[in-house]
Q: 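Below: one structure in structure tokens.
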Amino acid sequence: MATKVYIIYYSMYGHVEKLAEEIKKGAASVEGVEATLWQVPETLSEEILGKMSAPPKSDVPIITPRDLPEADGFIFGFPTRFGMMSAQFKAFMDATGGLWRTQQLAGKPAGIFYSTGSQGGGQETTALTAITQLVHHGMIFVPIGYSFGAGMFEMEQVKGGSPYGAGTYAGDGSRMPSELELAQAFHQGKYIAGITKKLKTAA
């Protein structure tokens, strides 16, 4: 039976979605792993999104809390809002109370990836503050540490991400993930999928 890894994200301008697509490729590269992309529901109206110049959403399916127990592991992604996850993703997590009461997600591994507007915009705090969501569900946080190797120490170019997980800098919105940031995202997907598979096999 395949190990199911869900990559669940919110993306307003496409930066997080680009990382998510690469994370899926990394996860799917692990033999026996079935990686699936999901979006969380939007909470803003079309009118507000239009005023914010947000592009149309992709055709990636919308997830509901009842879909979560089917997965063996998760990789959650979101843009930062003042150093924390966006309200859209928080609203989705707030809707998982029924799963929390029954602890249906307890013991499942989960990673985190993110996008910030600037180098001081929350590359670590966004992930750090999101860990509370995993803790209350009893999930196992899986950071990438420095397993990405030399790419973690890149100093010649701007690079998002941290030991907490893959990341990118959006700047004014025009900057999309670099090749190095995408490579780190691929690595995160492969790394967490491998751990998820090991945990499922050992169960």
Q: Is it true that a side-chain atom of T96 and a backbone atom of F92 form a donor plus acceptor pair closer than 3.5 Å?
A: no
Q: Using the rule given for side chain to side chain donor-acceptor pair (under 3.5 Å), can you reason through S162 versus E124, listing the C-alpha separation, both sets of side-chain angles and the distance that settles it, and then say yes or no?
A: CA-CA 7 Å; S162 73; E124 292 197 2; 4.7 Å; no
Q: Might you work through the side chain to side chain donor-acceptor pair (under 3.5 Å) test for E17 and S58, ending with a clear yes or no?
A: CA-CA 9 Å; E17 188 164 67; S58 68; 2.6 Å; yes
Q: Is atom NZ of K159 surrounded by more than 12 heavy atoms (other residues, nucleotides or ligands) closer than 6.0 Å?
A: yes
Q: Has Q103 got a side-chain atom pairing as donor or acceptor with H136's backbone, closer than 3.5 angstrom?
A: yes
Q: What's the separation between atom OG1 in T129 and atom NZ in K90, rounded to the nearest 0.5 Å?
A: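 Output value for this atom pair is 10.5 Å.
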Q: Main chain of A185, side chain of K190: is a donor-acceptor contact present, judged purely on distance under 3.5 Å?
A: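 Checked: no pair found.
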Q: Are the charged groups of K4 and D72 less than 4.0 angstrom apart, N to O?
A: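 Answer for the salt bridge query: no.
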Q: For R175, what residues pass the salt bridge (Lys or Arg N to Asp or Glu O under 4.0 Å) criterion, not counting sequence neighbours?
A: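 In terms of salt bridge (Lys or Arg N to Asp or Glu O under 4.0 Å), with neighbours along the sequence ignored, R175 is linked to E181.
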Q: How long is the gap from CZ on R101 to CD on Q104, to the nearest 0.5 Å?
A: 10.5 Å
Q: Measuring from I23:CD1 to I75:CD1, what's the distance to the nearest 0.5 Å?
A: 5.5 Å
Q: Are M139 and F76 side-chain neighbours, meaning at least one heavy-atom pair lies under 4.5 Å?
A: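 The answer is yes; the side chains approach within 4.5 Å.
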Q: Would you tabulate the side-chain donor-acceptor contacts of residues 50-57 under 3.5 Å, counting partners in other chains and residues two or more places apart, or write 'none'?
A:
residue: K57; atom: NZ; partner: S11; partner atom: O; Å: 3.0
residue: K57; atom: NZ; partner: E42; partner atom: OE1; Å: 3.0

Q: Rounded at 0.5 Å granularity, tell me how far CZ in F141 sits from CD1 in I192.
A: 7.5 Å
Q: Determine the minimum heavy-atom distance between G167 and Q184, stating which atoms define it.
A: N-OE1, 4.2 Å
Q: Roughly how far, to the nearest 0.5 Å, is the CD atom of Q88 from the OG1 atom of T43?
A: 4.0 Å
Q: Whether the side chain of T125 engages the backbone of G83 through a donor-acceptor N/O pair (distance < 3.5 Å, no angle test) should be reported.
A: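 It does hold such a pair.
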Q: For residues 147-154, which side-chain donor-acceptor pairs fall under 3.5 Å, sequence neighbours excluded?
A:
residue: S147; atom: OG; partner: I144; partner atom: O; Å: 2.6
residue: S147; atom: OG; partner: H187; partner atom: NE2; Å: 2.8
residue: E154; atom: OE2; partner: E156; partner atom: N; Å: 2.7
residue: E154; atom: OE2; partner: Q157; partner atom: N; Å: 3.1

Q: For atom CE of M93, decide whether the heavy atoms of other residues, nucleotides or ligands shown that lie under 6.0 angstrom number more than 12.
A: yes
Q: Are the charged groups of E22 and K25 less than 4.0 angstrom apart, N to O?
A: yes
Q: How many angstroms lie between CG in L105 and NE2 in H137, if you round to the nearest 0.5 Å?
A: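 Between atom CG of L105 and atom NE2 of H137 there are 5.5 Å.
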Q: Does Q123 use its side chain to pair, donor to acceptor, with the backbone of T168 at less than 3.5 Å?
A: yes
Q: Can you confirm whether E46 is buried at CD, in the sense that more than 12 heavy atoms of other residues, nucleotides or ligands lie under 6.0 Å from that atom?
A: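 No.
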Q: Could you work out the complete set of other residues in the hydrophobic cluster of F186, with links drawn between I, L, V, M, F, W and Y side chains under 4.5 Å apart?
A: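 None; F186 is a cluster of one.
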Q: Give every residue pair that meets the ring-ring contact (aromatic ring centres under 6.0 Å, His included) criterion with at least one member in residues 94-130, sequence neighbours excluded.
A: none
Q: Do you know the tightest heavy-atom contact between T196 and P109?
A: OG1-CG, 3.4 Å
Q: Tell me which pairs pass ring-ring contact (aromatic ring centres under 6.0 Å, His included) where either residue lies in residues 1-25, with sequence neighbours left out.
A: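 Found Y6-W38.
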Q: Would you name the heavy atoms of L182 and K18 that are closest together and state the gap between them?
A: CD2-O, 3.9 Å
Q: Can you find a pair of side-chain heavy atoms, one from L49 and one from M12, that are under 4.5 Å apart?
A: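 The answer is yes, as the side chains (C-beta and beyond) meet within the 4.5 Å cut-off.
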